[in-house]
Amino acid sequence: MNRPVLLVIAHGSRDPRHAATVQALVRRAAALRPGLRVETAFLDFNLPSVPGVLDRLAADGVRDVVALPLLLTRAFHAKADIPAVLRQAPPSLSIRQAEVLGPSPLLIAAVERRLYEAGLTPADKPTTGVVLASAGSTDPEAIAVIAETARELRRTGWCSVRPAFASASLPRTDEAVRALRTEPGVRRVAVAPYVIAPGRLPDRIATGAAEAEFLAEVLGPSPELAALLVERHESAVRAPERVALVG
């Protein structure tokens, strides 16, 4: 029996770097499972659109789809926007909405990879403060997940980790950088963007990191993130009773 198609749903952005990064990530994930059909769609700004891809899948005779929100937390897009657009799918499609990407140990590993690529080493961890800078949300559940992710990152050995947000929530990145400077044992500060792809809010994070010694790249097409996409797909296939069914 054919495995359900993996449909990765990204938010989309006017910034062309966003779609390019999403496509690179999806290609890396697809390479991990030869034979698995993997598609990408965007909620806004970019093509292909979610309805367009769903119509194409139905026309191709596909019956089963796992829709994976390319999101780090369960905020408005995962709870409202994506279910709404999936409910408009052709009736021949059976669609399961997979869990969002976070939280996951693979995300912690991806953040650390980017910090090391920025010039830090494991030996720097006991004397380095890290700002885990996310896009931000008004959803309390999403804010709580970011805070817990910062605590999990701290447990890997960093001197201190503080969450920060580019919008909707406080503190901002520059405020968190200055706060870390006051903490005992912190000799240097690094900013780790907890975002998937470049865009307006990641650029705002980078601006806020001006006083930090290190600025990591966005998570992008990291091997850990690619593996997480496949893991979420397989979890949804194994446990369909635990995911939302559409269609």
Side-chain angles (χ1 to χ4, degrees), residues 2-102 104 106-107 135 137 139 142 195-202 218-222 225-237 240 243-247:
N2 292 332
R3 285 175 290 180
V5 170
L6 171 57
L7 173 59
V8 179
I9 302 178
H11 181 270
S13 170
R14 293 185 178 89
D15 189 320
R17 297 173 297 169
H18 175 90
T21 300
V22 169
Q23 296 287 7
L25 170 61
V26 173
R27 284 195 299 271
R28 189 161 201 169
L32 297 175
R33 290 295 183 272
L36 173 65
R37 181 170 177 176
V38 182
E39 299 280 350
T40 308
F42 298 90
L43 285 174
D44 204 356
F45 302 117
N46 303 108
L47 293 174
S49 68
V50 178
V53 174
L54 292 173
D55 287 345
R56 176 159 50 83
L57 290 174
D60 289 347
V62 170
R63 293 297 303 271
D64 296 312
V65 178
V66 169
L68 172 59
L70 196 64
L71 301 168
L72 299 177
T73 61
R74 284 190 74 251
F76 184 79
H77 295 305
K79 295 177 179 178
D81 286 349
I82 291 176
V85 74
L86 292 180
R87 282 193 291 270
Q88 301 173 26
S92 62
L93 293 178
S94 175
I95 304 178
R96 317 169 197 181
Q97 183 174 324
E99 294 294 333
V100 296
L101 301 181
S104 168
L106 286 169
L107 289 172
S137 175
D139 189 303
V195 293
I196 294 172
R200 177 176 57 88
L201 294 180
V218 299
L219 300 177
S222 63
L225 207 55
L228 184 54
L229 265 61
V230 172
E231 181 180 291
R232 289 292 187 255
H233 172 265
E234 293 178 348
S235 294
V237 171
V243 297
L245 298 182
V246 182

Whether Arg17 side chain and Ala197 backbone form a donor-acceptor pair below 3.5 Å: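 No: the side chain of Arg17 does not pair with the backbone of Ala197.
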
Expected output: side-chain Asp60 to main-chain Val62 donor-acceptor under 3.5 Å: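 Judged by distance alone, no pair lies under 3.5 Å.
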
Is there a side-chain contact between [X] and [Y], using heavy atoms and a 4.5 Å cut-off?
X	Y	value
Arg96	Pro4	yes
Asp15	Arg200	no
Ile9	Leu71	no
Leu70	Val22	yes
Phe42	His18	yes
Gln97	Pro83	yes

Taking all non-hydrogen atoms of both residues, which atom of [X] and which atom of [Y] are closest, and how far apart?
X	Y	value
Val230	Ala29	CG2-O, 3.6 Å
Asn46	Ser13	OD1-N, 2.8 Å
Val66	Ala98	CG1-CB, 3.8 Å
Pro221	Thr21	CD-CG2, 4.0 Å
Ala75	Asp139	CA-OD2, 3.8 Å
Val100	Ala78	CG1-CB, 3.6 Å

At what distance, to the nearest 0.5 angstrom, does [atom1] of [X] lie from [atom2] of [Y]?
X	Y	atom1	atom2	answer
His233	Leu7	NE2	CG	10.0 Å
Thr40	Leu6	OG1	CG	8.0 Å
Leu107	Leu72	CG	CG	6.0 Å
Leu93	Asp55	CG	CG	8.5 Å
Leu25	Leu228	CG	CG	9.0 Å
Glu234	Arg33	CD	CZ	4.0 Å

Residue pairs, two or more places apart or on separate chains, that pass salt bridge (charged side-chain N to carboxylate O under 4.0 Å, His left out) and touch residues 38-50: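 The answer is Arg37-Glu39, Glu39-Arg56.
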
Residues forming a side chain to side chain contact (heavy atoms under 4.5 Å, CB included) with Arg28, sequence neighbours excluded: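 Side chain to side chain contact (heavy atoms under 4.5 Å, CB included) check on Arg28 returns Pro223, Ala226.
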
